[in-house]
Peer 1: 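Provided herewith is a single structure, encoded as structure tokens, for subsequent inquiry.
Numbers here simply count residues along the sequence, with the first being 1. All values derive from a computational prediction rather than experimental measurement.
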Amino acid sequence: MKKRNIHFHNNLTKIMILLSSFCLVSCGSRFLDKQEVGEHHYIEYIDQEINKTSFDKYLSTHQQEYPFYEQLKVNAPDVLNNVKVIDSSTHFDDNGDFLMFRFSSLGNGGFDSETFLCFQGDYYHLGGAFGGFGVTEFIRVQGNQGHYLYFISSSGSGIHYTSIGVFDLLKKETYTLDLSLKINEDYTFIYNDENHSIDLYKANIVHYVDEENYDLHIVTKLDLVKDHIERLDKVQNASNFEKNSDGIYYGTNHSLIQKDYKEPTCQEDGYVIIGCTECDDLDQKTILPKVDHQYGDDDLCIWCHTPKAK
């Protein structure tokens with residue numbers, strides 16, 4: 001049963017349209033003959049499980065992107081239980097090959113509020129959430145021009161910025177749209193079901209969480225920023241810094257690493273600091289709680305020297 005906790009203002013309702021039947025192509029993806037199908041989603045959750053074994057394997061084998069994961073598992077062994085599947089498709093024929101999910105906003109170290117996509121057995125990180133709203137909405141379109149997932153995400157601490165990402169589901173590559181968005185402003189999509197265009201508007205976003213600390217958003221449309229953004233250039237591997245219209249340089253693709261780490265002991269909390277290699281705006285310190293005594297060969301705790309109970 002779906003959990004409908006979102007409320008939309010100013011007619012920002014979910015737009016769905018199905019205009020034709022699918023036909024198979026050799027790569028296994030599906031296209032429409034001279035027609036297009038599109039769906040506009042905000043963040044809603046459904047009762048569905050992810051494959052924790054395969055997701056764990058992905059995170060464990062991508063240490064450069066997630067250097068904190070192995071230590072996080074030690075301190076929070078149930079961390080992969082802290083995800084909810086996002087309602088991401090009702091009319092696309094995916095055969096279960098498309099799944100978006102999100103971590104809760106607390107207790108997940110560097111994964112708090114982060115969104116992932118599992119597509120045809122592979123995993124992809126979408127956007128960023130440090131100090132922002134994370135992914136707030138997305139549009140999936142499919143037709144003769146290709147098969148894309150457009151998404152809005154925001155992050156940043158002190159400097160809050162929004163990016164418009166595009167995941168090409170045929171090439172399995174992530175791009176950034178060539179837009180100069182202003183700092184500390186939020187945005188929303190409008191999908192036109194007549195000409196299948198995507199327009200970008202300024203927005204007011206109110207963030208709140210459900211009873212289990214999963215993110216939800218109230219999105220109110222404001223002024224038009226750019227129409228037909230689907231026609232904009234898709235930039236791959238954008239530089240770490242781009243200049244916005246005000247002449248200020250700001251991060252577009254932050255590269256996260258583990259900057260500092262202190263091991264927790266039976267006497268003191270530890271911590272891990274995750275941040276961007278290029279700036280300090282996204283630094284986040286996560287406290288690692290005290291752990292139980294750890295005994296050496298002499299049956300004494302290696303930290304406080306308390307003898308092991310007989």
Peer 1: What residues, two or more places apart in sequence or in another chain, satisfy salt bridge (charged side-chain N to carboxylate O under 4.0 Å, His left out) together with K262?
Peer 2: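 K262 satisfies salt bridge (charged side-chain N to carboxylate O under 4.0 Å, His left out) with E268 once adjacent residues are dropped.
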Peer 1: By ring-ring contact (aromatic ring centres under 6.0 Å, His included), which residues pair with F98, not counting sequence neighbours?
Peer 2: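 Here no residue qualifies.
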Peer 1: Kindly write out the residues that satisfy salt bridge (charged side-chain N to carboxylate O under 4.0 Å, His left out) with D269, not counting sequence neighbours, or none if the list is empty.
Peer 2: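 Salt bridge (charged side-chain N to carboxylate O under 4.0 Å, His left out) check on D269 returns nothing, list empty.
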Peer 1: Considering non-hydrogen atoms only, spot the tightest contact between A129 and S113 and give its length.
Peer 2: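 Distance-wise, the nearest heavy atoms are CB-O, 3.5 Å.
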Peer 1: Please check: side-chain N/O of D233 versus main-chain N/O of V235, any donor-acceptor pairing under 3.5 Å?
Peer 2: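 Here the side-chain-to-backbone pair does not exist.
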Peer 1: Can you name the closest pair of heavy atoms from L222 and N204 and give their distance?
Peer 2: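 Reported closest heavy-atom pair: CD1-N, 3.8 Å.
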Peer 1: Do you know which two heavy atoms are closest between Q63 and E70, and how far apart they sit?
Peer 2: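 Scanning both residues completely, I find the closest heavy atoms to be NE2-CG, 3.5 Å.
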Peer 1: The criterion is salt bridge (charged side-chain N to carboxylate O under 4.0 Å, His left out); which residues satisfy it with E263, sequence neighbours excluded?
Peer 2: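 Checked E263 against salt bridge (charged side-chain N to carboxylate O under 4.0 Å, His left out); zero matches.
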Peer 1: Here's a test for you: under side chain to side chain donor-acceptor pair (under 3.5 Å), which of H40, H41, H196, E39 qualifies with Y191?
Peer 2: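 Single side chain to side chain donor-acceptor pair (under 3.5 Å) partner of Y191 among H40, H41, H196, E39: H196.
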Peer 1: Not counting sequence neighbours, list each pair that qualifies as a salt bridge (charged side-chain N to carboxylate O under 4.0 Å, His left out) and has a residue in residues 97-108.
Peer 2: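 For residues 97-108, and leaving out neighbouring residues, the salt bridge (charged side-chain N to carboxylate O under 4.0 Å, His left out) pairs sorted by first residue read R102-D215.
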Peer 1: Would you say K52 has more than 12 foreign heavy atoms packed within less than 6.0 Å of its NZ?
Peer 2: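 More than 12 heavy atoms, drawn from other residues, nucleotides or ligands, come within 6.0 Å of this atom.
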Peer 1: So which residues get pulled into Y295's cluster when ILVMFWY side chains under 4.5 Å apart are joined, directly or through others?
Peer 2: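 None; Y295 is a cluster of one.
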Peer 1: Could you tell me whether Y45 and F101 have their ring centroids closer than 6.0 angstrom?
Peer 2: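 Not close enough - the centres of the two rings lie 6.0 Å or further apart.
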Peer 1: Does one hydrophobic cluster hold both L106 and F116, with members joined at side-chain heavy-atom distances below 4.5 Å?
Peer 2: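 L106 does not cluster with F116.
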Peer 1: So which pairs with a foot in residues 133-151 pass salt bridge (charged side-chain N to carboxylate O under 4.0 Å, His left out), sequence neighbours left out?
Peer 2: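 Every salt bridge (charged side-chain N to carboxylate O under 4.0 Å, His left out) pair that includes a residue of residues 133-151, provided the two are not neighbours, is D94-R140.
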Peer 1: Between F103 and V74, is there a shared hydrophobic cluster once you connect ILVMFWY residues whose side-chain heavy atoms come closer than 4.5 Å?
Peer 2: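 No; tracing contacts between hydrophobic side chains, which count when under 4.5 Å, never links both residues.
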Peer 1: Output all residues satisfying ring-ring contact (aromatic ring centres under 6.0 Å, His included) with Y58, sequence neighbours left out; order by chain, then residue number.
Peer 2: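 Y58 satisfies ring-ring contact (aromatic ring centres under 6.0 Å, His included) with H62, Y66, Y123 only.
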Peer 1: Identify whether V206 and V135 are in the same connected component of the hydrophobic contact network (ILVMFWY, side-chain heavy atoms under 4.5 Å).
Peer 2: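 Yes, it is one cluster - the side chains of V206 and V135 are joined through contacts under 4.5 Å.
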Peer 1: Minimum heavy-atom separation for I86 and T115, please, with both atom names.
Peer 2: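 Heavy atoms of I86 and T115 come nearest at CD1-CG2, 4.0 Å.
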Peer 1: Please confirm whether F119 and Y124 have ring centers closer than 6.0 angstrom.
Peer 2: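 No; Y124 has its ring centre 6.0 Å or more from that of F119.
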Peer 1: Please examine the side chains of L200 and D227, heavy atoms only from C-beta on, and report whether any two atoms are closer than 4.5 Å.
Peer 2: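 Result no, sub-4.5 Å side-chain heavy-atom pair not found.
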Peer 1: Suppose we screen for salt bridge (charged side-chain N to carboxylate O under 4.0 Å, His left out). Which residues come up paired with K202, at least two apart in sequence or across chains?
Peer 2: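 Listed in chain order: E185.
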Peer 1: Counting only heavy atoms not in N195, do more than 12 sit closer than 6.0 Å to its CG atom?
Peer 2: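 Counting neighbours around CG of N195, more than 12 heavy atoms of other residues, nucleotides or ligands fall under 6.0 Å, so yes.
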Peer 1: Could you check if a side-chain atom of T162 sits within less than 4.5 angstrom of a side-chain atom of D186, using non-hydrogen atoms only?
Peer 2: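 T162 vs D186: side chains touch.
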Peer 1: Can you list everything that forms a side chain to side chain contact (heavy atoms under 4.5 Å, CB included) with D168? Sequence neighbours excluded, please.
Peer 2: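 Counting only residues at least two positions away or on another chain, D168 forms a side chain to side chain contact (heavy atoms under 4.5 Å, CB included) with Y148, L170, K171, Y175.
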Peer 1: Taking everything shown except K172 itself, do over 12 heavy atoms lie less than 6.0 Å from its NZ?
Peer 2: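 Result for NZ/K172: enclosed.
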Peer 1: For Y150, enumerate each residue passing the ring-ring contact (aromatic ring centres under 6.0 Å, His included) test, keeping only those at least two apart in sequence or located in another chain.
Peer 2: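 Expected list: none.
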Peer 1: Count the heavy atoms of every other residue, nucleotide or ligand shown that sit under 6.0 Å from NZ of K226, and state whether that count exceeds 12.
Peer 2: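 No.
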Peer 1: Side-chain heavy atoms under 4.5 Å apart, restricted to Ile/Leu/Val/Met/Phe/Trp/Tyr: what other residues fall into the cluster of V291, or is it alone?
Peer 2: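 Grouped by the 4.5 Å side-chain rule, I302, W303 form the rest of the cluster around V291.
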Peer 1: Shortest non-hydrogen contact from D199 to L224?
Peer 2: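 Closest pair (atom of D199, atom of L224, distance): CB-CD1, 4.1 Å.
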Peer 1: Which atom names give the shortest non-hydrogen contact between G128 and E114, and what distance separates them?
Peer 2: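 What the structure gives for the nearest pair is CA-OE1, 3.6 Å.
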Peer 1: What is the distance from atom CG of L80 to atom CD1 of I50, rounded to the nearest 0.5 Å?
Peer 2: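 If we round to the nearest 0.5 Å, L80:CG and I50:CD1 are 6.0 Å apart.
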